[in-house]
Amino acid sequence: MKTKIDYFDYDTLLQPTDWRFAAAVVGLCKYFDYFGIVYKVLYDVEEKPDNYIHGFDGIIYKSEDITEEKYLEFAENYFEKYMTHKNILNILESQEFSEEQIKLVNDLVKSKTVLKGLFDKIKFDGTNKDIFISTIEENRAEIIKNIFKNGNNLYKNYCNERLIFTEDNSTCRLRGYNVDKDRKTSNLGFCFSKESFESNDILEFDFIPFAFSNSDMRETYFVNNNFSVKSLTQTNYAFSNQLSNTENKDDKNKLMLVLQNSKDYISYDVEIISKSQDKAYYETFFVRLERLKKLRELSGKSLNFVKKINDDYWFNLEKEVYMRCLNNVLLDDVILMMLKFYFDDNAGKGYIKSRTDMLIDINVSWKGNEIMDEIKSAKSCGFLTSKKLIEMKSSNKINSYKQKIISALCAHDYDRAKEIILSLSAYVGMEFSFFYTFLENAEENKDLAFAFASALIEVSSKNN
């Protein structure tokens, strides 16, 4: 919440009452620190402003310290590698230019509409660098503003680019919160009355892009642990750094891996906001400490398995497990998918089986069921049954029974699964000790059937 105050020489208080204001606080702190502008943290001052909201920290500052000139300078510095004019100026520092450098300068000019407009009839040839330097310097503010507000991974990803550094807007400038005021808005308000629709927008929301993590990722994140301004700034700094140092993973997997290693700065339930360049809105999910501990327990477990399902979807085992862990969802469906993958022609059956067995153990631990002894028994029974079928010259029955059990489990037809397992028990003349627990409550103890089916493999002498 933004509040006008009369507090010594300061006139504004911004408190992180929801994630938007929290992100604005983080962005503003970076802005103030960059210019060395003095501001105060609410929790650090003994005498509080009269009209602050109790229970929230905040920052106290002078509104006059926020200017468009400073804002653009800060944006240029913070997102320097995306500022095309800076790349051009760096090249122009040379005294002599190769053909590659000349071509690169002209290509960079063509890449941005604002630069094409400024250099419409001028082409860099290696001898006219002074014209390019002076033109960029004279129009620097315009260039920065256009590049920043139209960058798909910059301002445009977070806010309506037409509202940059504006005030008194009728709707919030953020993506997903913004409404086109030229279109009908009666359906926004109560009883289709646009007068009843309320929206808040403040200039400080323009600092939200600086609060989110790494702009080189298609999906960026903000951790809203608004216990204090200190925790907000420090957590997001550490979070962003860890994301930068996590390589060779997609954005979601990076997030999961960073959360696994976040115990130094996240030790409580926390809200995480994400913004993808592919979506015109923000998403939020709540990370509970209990689930975060479960996620950290997965550290070190080998869950590497990726399979193409179709042109639009790749199954990533690690990602599926991590997301279910955070969302408190069991792995039943993932285990069934892995069991079905076993029958694919090009499948590494031994590798899939080992991953499936690991998933079953994880699933049982998440459920809190005390059936690990029965799980071991089910695996042992599956292995011994496979050996017995081979001895009976009926190895073709192994995959046949395995498929039947998996099909019944996929259909949630537990009576059918019981019949198949009983039939197999009678066929090989073996008693399955785990079966009695499965019989008592098949739905609750389905992991026993998963473990038994996974252990049904064509055993060779190499496996013994």
Side-chain angles (χ1 to χ4, degrees), residues 1-79 141 144-145 148-149 155 158-159 163-174 177 198-213 222-240 265 268 270-271 273:
M1 181 66 70
K2 179 180 178 180
T3 308
K4 287 296 180 183
I5 59 173
D6 183 9
Y7 183 80
F8 300 102
D9 293 331
Y10 301 94
D11 61 3
T12 310
L13 167 65
L14 188 64
Q15 294 182 269
T17 50
D18 73 27
W19 79 261
R20 297 173 302 165
F21 294 95
V25 166
V26 172
L28 265 174
C29 287
K30 293 179 179 180
Y31 168 85
F32 290 144
D33 291 341
Y34 174 74
F35 287 107
I37 296 172
V38 178
Y39 64 98
K40 295 185 180 297
V41 176
L42 184 63
Y43 280 179
D44 293 344
V45 297
E46 291 185 12
E47 184 180 343
K48 313 293 184 189
D50 293 334
N51 49 344
Y52 77 98
I53 300 174
H54 292 263
F56 290 95
D57 197 2
I59 55 174
I60 302 167
Y61 56 95
K62 302 174 187 176
S63 58
E64 66 183 29
D65 286 331
I66 302 174
T67 66
E68 185 170 10
E69 181 183 1
K70 280 189 171 71
Y71 179 78
L72 294 176
E73 181 184 337
F74 176 59
E76 181 188 42
N77 177 268
Y78 194 87
F79 295 110
I144 297 168
K145 188 172 184 177
F148 180 56
K149 76 175 185 177
Y155 187 87
Y158 304 95
C159 307
L163 301 179
I164 186 171
F165 222 83
T166 58
E167 296 189 78
D168 302 322
N169 296 310
S170 57
T171 60
C172 182
R173 70 193 66 205
L174 298 184
Y177 293 79
E198 290 188 11
S199 174
N200 54 10
D201 181 68
I202 58 174
L203 176 65
E204 284 80 356
F205 284 168
D206 273 347
F207 289 88
I208 286 177
F210 305 98
F212 275 72
S213 66
F222 171 73
V223 183
N224 183 27
N225 59 340
N226 57 350
F227 294 104
S228 68
V229 170
K230 182 178 180 180
S231 66
L232 266 174
T233 54
Q234 290 185 350
T235 296
N236 281 283
Y237 176 79
F239 197 76
S240 184
Y265 53 89
Y268 34 75
V270 71
E271 180 187 33
I273 314 299

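By convention here, the first residue in the shown sequence is residue 1. We use all heavy atoms of the structure for the numbers below, so side chains are in, but hydrogens, waters and symmetry mates are not.
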Contacts table for residues 35-45: side-chain donor-acceptor under 3.5 angstrom, sequence neighbours left out:
from: Tyr39; atom 1: OH; to: Asp33; atom 2: OD1; distance (Å): 3.3
from: Tyr43; atom 1: OH; to: Asp57; atom 2: N; distance (Å): 3.4

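- Side-chain contact check for Leu28 versus Ile66: some heavy-atom pair is nearer than 4.5 Å.
- In terms of modelled atom types and a separation under 3.5 Å, the side chain of Glu68 and the main chain of Phe165 share no donor-acceptor contact.
- Rounded to the nearest 0.5 Å, atoms CD1 (Ile202) and NZ (Lys2) are 5.5 Å apart.
- By the side-chain hydrogen bond (donor to acceptor under 3.5 Å, both in side chains) test, Tyr52 pairs with His54, sequence neighbours left out.
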query = Can you check side chain to side chain contact (heavy atoms under 4.5 Å, CB included) on Leu232 and Asn224, steps first, answer last?
reply = CA-CA 7 Å; Leu232 266 174; Asn224 183 27; 4.2 Å; yes
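- The line from OG1 of Thr3 to CG of Asn51 is 6.0 Å long, rounded to the nearest 0.5 Å.
- Of the residues Phe212, Phe148, Phe74, the one that meets the ring pair (Phe, Tyr, Trp, His ring centres under 6.0 Å) test with Phe79 is Phe148.
- Taking SG of Cys159 as the start and CD1 of Ile208 as the end, the distance is 6.0 Å to the nearest 0.5 Å.
- With sequence neighbours excluded, no residue forms a salt bridge (charged side-chain N to carboxylate O under 4.0 Å, His left out) with Lys149.
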Return a table of donor-acceptor pairs under 3.5 angstrom between the side chains of residues 16-27 and protein atoms on other chains or two or more places apart.
from: Thr17; atom 1: OG1; to: Met1; atom 2: N; distance (Å): 2.7
from: Asp18; atom 1: OD1; to: Arg20; atom 2: N; distance (Å): 2.8
from: Asp18; atom 1: OD1; to: Phe21; atom 2: N; distance (Å): 3.3
from: Asp18; atom 1: OD2; to: Arg20; atom 2: NE; distance (Å): 3.4
from: Asp18; atom 1: OD2; to: Arg20; atom 2: NH2; distance (Å): 3.1
from: Trp19; atom 1: NE1; to: Tyr177; atom 2: OH; distance (Å): 3.0
from: Arg20; atom 1: NH1; to: Asn200; atom 2: OD1; distance (Å): 3.1
from: Arg20; atom 1: NH2; to: Asn200; atom 2: OD1; distance (Å): 3.1

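- Interatomic distance, Asp206 CG to Arg173 CZ, rounded to the nearest 0.5 Å: 4.5 Å.
- Between Asp201 and Thr171 the shortest heavy-atom distance is CB-O, 3.7 Å.
- Checking Thr235 against Asn225 by side-chain atom types alone, a donor-acceptor pair falls below 3.5 Å.
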inquiry  = For a ring pair (Phe, Tyr, Trp, His ring centres under 6.0 Å) check, start with the C-alpha distance between Tyr34 and Tyr78, then their side-chain angles and the critical distance, and finish with the verdict.
reply    = CA-CA 9 Å; Tyr34 174 74; Tyr78 194 87; 9.2 Å; no
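- Between Ile60 and Pro49, the shortest heavy-atom contact is CD1-CG, 4.0 Å.
- Summarising the geometry of Leu72 relative to Ile144, their closest heavy-atom pair is O-CG2, 3.4 Å, with the distance given to 0.1 Å.
- When the ring-ring contact (aromatic ring centres under 6.0 Å, His included) test is applied to Phe207, the partners found at least two apart in sequence or on another chain are Tyr31, Tyr71.
- Put simply, the side chain of Ser240 never gets that close to the backbone of Tyr237: no donor and acceptor are under 3.5 Å apart.
- Residue pairs meeting the side-chain hydrogen bond (donor to acceptor under 3.5 Å, both in side chains) criterion with at least one partner in residues 5-14, sequence neighbours excluded, are Asp11-Ser63.
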